[in-house]
Enquirer: 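Before anything else, here's the structure in question.
Below, chain A is the first sequence line, B the second, and so on; all start at residue 1. Since the model is a prediction, treat every value here as computed from it, not as a measurement. Side chains are part of it too, since the values below use all heavy atoms of this structure and drop only hydrogens, waters and symmetry mates.
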There are 2 protein chains.
Amino acid sequence: MNTPNFTAGKCGDCPIRHRAVCARCNADELVELDAIKYYRTYEAGQTVIWSGDKMGFVGSVVSGVATLTQTMEDGRTQMVGLLLPSDFVGRPGRDGAAYNVVATTDVVMCCFRKKPFEELMSKTPHIAHRLLEMTLDELDAAREWMLVLGRKTAREKIASLLSIIARRNTTPDNNSVSTVFDLPLTREAMADYLGLTLETVSRQVSALKRDGVIQLQGKRHVTVPDMTRLMEEAGDDTDGGFLI
Amino acid sequence: MNTPNFTAGKCGDCPIRHRAVCARCNADELVELDAIKYYRTYEAGQTVIWSGDKMGFVGSVVSGVATLTQTMEDGRTQMVGLLLPSDFVGRPGRDGAAYNVVATTDVVMCCFRKKPFEELMSKTPHIAHRLLEMTLDELDAAREWMLVLGRKTAREKIASLLSIIARRNTTPDNNSVSTVFDLPLTREAMADYLGLTLETVSRQVSALKRDGVIQLQGKRHVTVPDMTRLMEEAGDDTDGGFLI
DNA sequence: GGTCCCAATTGATCTGGGTCAAAGTTAGTC
DNA sequence: GACTAACTTTGACCCAGATCAATTGGGACC
């Protein structure tokens with residue numbers, strides 16, 4: 001775990017939305033942090049952390065997509081978080097992981113050894129502050145998702161998921177009004193996020209396509225001609241709320 | 001809002017599980033906090049905060065039960081949090097409320113004016129730390145709840161809710177192995193928590209009673225003869241996990 | 001004690017999404 | 001370029017929970 005095998009990355013490469021602690025990219029912070037920080041890559045499908053395991057680090061996603069999942073003894077699983085580039089992983093002050101973390105694409109993580117990170121945190125109020133802010137964001141997202149899970153129809157659920165991914169993952173294409181992105185999830189992973197079966201996901205994606213709300217090139221490449229329409233389908237306030 | 005009309009309360013009365021900042025009840029902290037702190041009572045049914053409103057305080061529940069809810073334009077509502085005594089309300093660093101907060105019983109809140117609280121927080125790393133810990137707890141609870149909403153059956157949902165309330169609300173009755181508590185929620189509120197209709201809640205409560213998993217005295221007073229059985233019905237690991 | 005009101009129960013029926021099954025797609029791999 | 005394996009779509013049928021519609025129960029108040 002301690003062998004950084006990611007060479008190209010340095011904090012100068014942080015994606016714009018990188019919100020984790022290291023992401024602030026202030027040189028003085030970097031000096032402090034470099035001693036305890038390392039990069040690590042995971043292949044698609046690889047489990048980053050098993051629920052219940054001791055977790056020796058915290059960190060954030062640099063590139064790729066990972067998921068947080070919970071599983072019942074009989075195998076029913078529910079995704080409880082989607083980790084896109086810039087999202088933070090880990091629970092400072094806690095020893096065990098609460099969820100499985102699985103890479104769904106190849107993932108590069110920027111990790112901080114936990115012990116020194118916590119020491120740094122208690123010496124640097126600004127970091128604890130930032131972490132609180134990020135945790136509040138995650139809490140908002142989780143609660144918004146409870147509304148999706150508890151009260152939305154299958155079609156609305158799909159539309160909600162698509163708009164979240166669209167808002168975070170759009171490849172800017174300014175000579176077009178359309179929003180374009182790649183789905184980083186299989187139909188099964190989408191189902192696990194939405195509390196549906198993969199068949200229902202497939203049917204509803206087809207229905208949204210048939211109704212012109214989205215266009216598909218292949219299975220994963222999505223074009224949204226009209227984001228407002230998609231958000232109406234999601235049942236959201238058109239102003240968008242604060243889902244991350 | 002500034003008129004404290006709660007007289008009996010002082011921090012010496014904090015319930016055992018009071019985990020909020022003021023709850024630590026160290027005399028020196030109290031001296032600091034007293035200048036910015038007030039009590040306030042709300043009647044059952046009263047809305048404490050409207051989603052989107054500017055929120056001038058943070059605080060914690062001293063007694064009673066309140067709920068956090070989200071509502072769609074068409075009226076579908078989902079409860080996203082249950083506030084029992086000791087739970088924290090508010091989002092330091094945020095201006096607007098993200099949810100409706102509604103008192104479901106008479107509620108006493110211990111409130112801190114937001115501005116001075118935030119100043120205090122930035123001067124006192126220990127408070128920011130504690131707040132982070134509490135927010136992580138809430139995040140865990142929200143994510144555990146996502147599993148309930150997304151993947152559990154109606155019967156499992158009811159059993160899950162009952163065990164959460166049982167674990168937090170039990171009136172100790174040591175000459176009996178049974179767990180006894182009062183439901184602080186109407187059937188409708190339970191339905192809003194569980195993503196069900198009130199009719200389904202009623203049916204499943206009746207079914208659990210018929211099957212001897214619970215006993216009811218009146219509509220609200222619940223006796224659980226065997227907590228292990230209830231938790232099996234909830235589909236939880238018998239060790240209980242970390243739901244708050 | 002009566003009656004008003006609201007919470008809760010119970011019944012009958014309907015339907016969205018689950019389940020089971022089969023066939024179609026796509027990307028590797030040899 | 002055929003072969004495999006994993007992912008996806010589509011169809012047929014079913015059932016858990018929603019919906020609609022009466023009742024029933026239980027305080028609070030006169």
Side-chain angles (χ1 to χ4, degrees), chain A residues 43-46 72 74-78 102 104-106 148-162 182-211 214-222 233 235, chain B residues 43-45 65 72 74-78 102 104-106 148-162 182-211 214-222 233 235:
Chain A
E43 285 170 29
Q46 205 178 342
M72 296 171 67
D74 61 9
R76 282 178 280 177
T77 86
Q78 174 66 50
V102 182
T104 56
T105 65
D106 289 351
V148 173
L149 287 171
R151 293 301 185 193
K152 291 195 178 179
T153 64
R155 173 183 263 243
E156 288 169 334
K157 286 179 175 182
I158 299 289
S160 299
L161 179 55
L162 292 178
D182 282 305
L183 273 178
L185 302 174
T186 65
R187 299 290 185 260
E188 186 179 23
M190 292 172 69
D192 282 343
Y193 206 158
L194 298 165
L196 297 171
T197 59
L198 67 94
E199 293 95 329
T200 300
V201 170
S202 180
R203 275 183 249 271
Q204 297 298 336
V205 169
S206 299
L208 288 175
K209 179 183 169 187
R210 174 166 26 79
D211 299 345
I214 59 171
Q215 290 151 19
L216 284 179
Q217 291 80 45
K219 308 290 183 187
R220 301 290 194 88
H221 192 74
V222 180
E233 290 284 352
Chain B
E43 284 169 31
V65 178
M72 295 171 67
D74 62 8
R76 283 177 279 176
T77 85
Q78 174 67 50
V102 183
T104 56
T105 64
D106 289 352
V148 173
L149 287 172
R151 293 303 186 192
K152 291 194 179 180
T153 64
R155 172 184 264 244
E156 289 169 334
K157 285 179 175 181
I158 300 289
S160 299
L161 179 55
L162 292 178
D182 282 304
L183 273 178
L185 302 174
T186 65
R187 299 290 185 260
E188 186 180 23
M190 291 172 69
D192 283 343
Y193 206 157
L194 297 165
L196 297 171
T197 59
L198 67 94
E199 293 95 330
T200 299
V201 170
S202 180
R203 277 184 246 273
Q204 296 297 336
V205 169
S206 299
L208 288 175
K209 180 183 168 189
R210 174 167 27 77
D211 299 345
I214 58 172
Q215 289 151 21
L216 284 179
Q217 290 81 46
K219 310 290 185 188
R220 299 291 194 91
H221 192 72
V222 180
E233 291 284 351

Enquirer: Does a side-chain N or O from B:T153 land closer than 4.0 Å to OP1 or OP2 of D:dA16, or not?
Expert: no
Enquirer: Tell whether B:R210 reaches the base of C:dT10 with its side chain through a donor-acceptor pair below 3.5 angstrom.
Expert: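 No such pair is found, so the answer is no.
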Enquirer: Could you tell me if the side chain of A:M72 sits less than 4.5 Å from the side chain of B:E156, heavy atoms only?
Expert: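 Sidechains of A:M72 and B:E156: in contact.
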Enquirer: With the side chain counted from C-beta on, respond yes when A:L208 and A:L162 share a heavy-atom pair under 4.5 Å apart, and no when they do not.
Expert: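 Counting from C-beta outward, A:L208 and A:L162 do come under 4.5 Å.
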Enquirer: Applying a 4.0 Å non-hydrogen cut-off, can you work out what A:T186 is touching in the nucleic acid: base, sugar-phosphate, or nothing?
Expert: sugar-phosphate
Enquirer: On DNA chain D, nearest-nucleotide positions of B:E199 versus B:K219: which is more 5'?
Expert: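 The residue closer to the strand's 5' end, by nearest nucleotide, is B:E199.
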Enquirer: Report yes if the side chains of B:Q78 and B:L149 come closer than 4.5 Å at any heavy-atom pair, otherwise no.
Expert: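 Yes; the side chains approach each other to less than 4.5 Å.
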Enquirer: For A:R187 and for A:R151, find the nucleotide of DNA chain D with the closest heavy atom, then tell me which residue's nucleotide is more 5'.
Expert: A:R187
Enquirer: Figure out the CZ/P separation between B:R155 and D:dA16, and round it to whole Å.
Expert: 12 Å
Enquirer: Whole angstroms only, please: what is the CZ-C1' distance between A:R76 and C:dG18?
Expert: 13 Å
Enquirer: Can a donor-acceptor pair under 3.5 Å be found between the side-chain atoms of A:R203 and the base atoms of D:dG11?
Expert: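 By the distance-only test, yes, there is a pair.
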Enquirer: Using whole Å, what does the distance between atom P of nucleotide D:dT19 and atom CG of B:D74 come to?
Expert: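 Nearest whole value for this atom pair: 11 Å.
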Enquirer: Should B:S202 be listed as having a side-chain N or O under 4.0 Å from OP1 or OP2 of C:dT9?
Expert: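 For B:S202, the contact criterion (side-chain N or O under 4.0 Å from OP1 or OP2 of C:dT9) is met.
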Enquirer: Could you state the atom-to-atom distance from CG of A:L194 to C1' of C:dG18 in whole Å?
Expert: 15 Å
Enquirer: Whole angstroms only, please: what is the CD1-P distance between A:I158 and D:dT8?
Expert: 12 Å
Enquirer: What nucleotide, of D:dG17, D:dT9, C:dT10, holds the atom closest to the side chain of B:S206?
Expert: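 Comparing D:dG17, D:dT9, C:dT10 against the side chain of B:S206, the answer is C:dT10.
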Enquirer: Please give, in whole Å, the distance from C:dC5 P to B:E188 CD?
Expert: 19 Å
Enquirer: Do B:T104 and B:T186 make a side-chain contact, defined as non-hydrogen atoms from C-beta onward lying under 4.5 Å apart?
Expert: no
Enquirer: Are the side chains of A:L216 and A:V205 in contact, using a 4.5 Å heavy-atom criterion?
Expert: yes
Enquirer: Taking the side chain as every heavy atom from C-beta outward, state whether A:R203 and A:I158 have any pair of such atoms under 4.5 Å apart.
Expert: no
Enquirer: With heavy atoms under 4.0 Å as the rule, sort A:R220 into base, sugar-phosphate or nothing.
Expert: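 Sugar-phosphate, no base atom in range.
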Enquirer: Base, sugar-phosphate, or nothing: which does A:G45 touch, judged by heavy atoms less than 4.0 Å apart?
Expert: nothing
Enquirer: Take a 6.0 Å sphere around CD of A:Q217 and say whether it holds more than 12 heavy atoms from other residues, nucleotides or ligands.
Expert: yes
Enquirer: Between A:T197 and C:dT19, is there a side-chain N or O to OP1/OP2 distance below 4.0 Å?
Expert: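 For A:T197, the contact criterion (side-chain N or O under 4.0 Å from OP1 or OP2 of C:dT19) is not met.
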Enquirer: With sequence neighbours left out, what residues match A:K219 under side-chain contact (heavy atoms from CB on, under 4.5 Å)?
Expert: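 For A:K219, the residues satisfying side-chain contact (heavy atoms from CB on, under 4.5 Å) (neighbours in sequence not counted) are A:R187.
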Enquirer: Whole angstrom is fine here: how far is it from NZ in B:K152 over to P in C:dG18?
Expert: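 So the two atoms are 18 Å apart, to the nearest Å.
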Enquirer: Quantified as the angle between the terminal helix axes (five pairs each), what is the overall bend of the helix from C:dG1-D:dC30 to C:dC30-D:dG1 to 10 degrees?
Expert: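 Roughly 30°, once rounded to the nearest ten degrees.
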Enquirer: In whole Å, what is the span from the NZ atom of B:K157 to the P atom of D:dA16?
Expert: 14 Å
Enquirer: Looking across every strand, which nucleic acid part, if any, lies under 4.0 Å from A:L198 by heavy atom: base, sugar-phosphate, or nothing?
Expert: base
